[in-house]
Amino acid sequence: MDGANMNAQVGLTAPGIIGADVCHLNLHKTFCIPHGGGGPGMGPIGVKAHLAPFMPNHPSEKLDGAVPAGGATPFGVVSSAPYGSALILPISFGYIAMMGSEGLTNASKRAILNANYMAKR
């Protein structure tokens, strides 16, 4: 699932609930990160447990009790920074904290309403 679809899910449902096995969460589309103009694109990729053995791993990742990324034969790193551009995460954190769960759910409802309006129009 493309993480752009999170705009219409936050507070209402989740990718795993509606059947997605993989989802890239685009922070720039859902959680207030600027996009374009050379800015960073950043966001986690969530996968269900059955796909964990096929994910890249990183030497800094130590998982206690969880399915290890990369499984028994990991293929190594994709990026030297396993957590992406971490310095932009406080923007999303601040947005989420200020909106709260009710505000985030209302933003999703408005995104759905606006999309339906544009489709009808």
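Quick note: numbers below take in every heavy atom, side chains included, and nothing from hydrogens, waters or symmetry partners.
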Asks: Please report the C-alpha distance between L12 and I112 in whole Å, then the side-chain angles of each, then the deciding distance to 0.1 Å, and finally whether the side chain to side chain contact (heavy atoms under 4.5 Å, CB included) criterion is met.
Replies: CA-CA 11 Å; L12 302 174; I112 294 168; 3.8 Å; yes
Asks: Roughly how far apart are T13 OG1 and I18 CD1, rounded to 0.5 Å?
Replies: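 So the gap between those two atoms works out to 5.0 Å.
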Asks: Between atom CE of M98 and atom SG of C32, what is the distance when rounded to the nearest 0.5 Å?
Replies: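 Here the interatomic distance stands at 7.5 Å.
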Asks: Is any side-chain heavy atom of I45 less than 4.5 Å from a side-chain heavy atom of L25?
Replies: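 No, side chains not in contact.
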Asks: Between V22 and M55, is there a shared hydrophobic cluster once you connect ILVMFWY residues whose side-chain heavy atoms come closer than 4.5 Å?
Replies: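 Yes.
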Asks: Determine whether a donor-acceptor pair (N or O, by modelled atom type, separation under 3.5 Å) exists between the side chain of S108 and the backbone of V10.
Replies: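 Between the backbone of V10 and the side chain of S108 there is a qualifying donor-acceptor contact (under 3.5 Å).
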Asks: Could you grab the distance from atom CD1 of I96 to atom CD1 of I91, nearest 0.5 Å is fine?
Replies: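 One finds 12.0 Å between CD1 of I96 and CD1 of I91.
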Asks: Taking the side chain as every heavy atom from C-beta outward, state whether Q9 and M1 have any atom pair closer than 4.5 Å.
Replies: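 Yes, side chains in contact.
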Asks: How far apart are the closest heavy atoms of M6 and P15, and which atoms are they?
Replies: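 Looking at all heavy atoms of both residues, the shortest contact is SD-CG, 3.7 Å.
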Asks: When you compare the side chain of D21 with that of H50, does any pair of heavy atoms fall below 4.5 Å?
Replies: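 Yes. Closest side-chain heavy atoms under 4.5 Å.
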Asks: Rounded to the nearest 0.5 Å, how far apart are NZ of K109 and CG of N114?
Replies: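 Taking NZ in K109 and CG in N114, the distance rounds to 14.5 Å.
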Asks: Is the closest side-chain heavy-atom distance between Y95 and L104 below 4.5 Å?
Replies: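 They are in side-chain contact.
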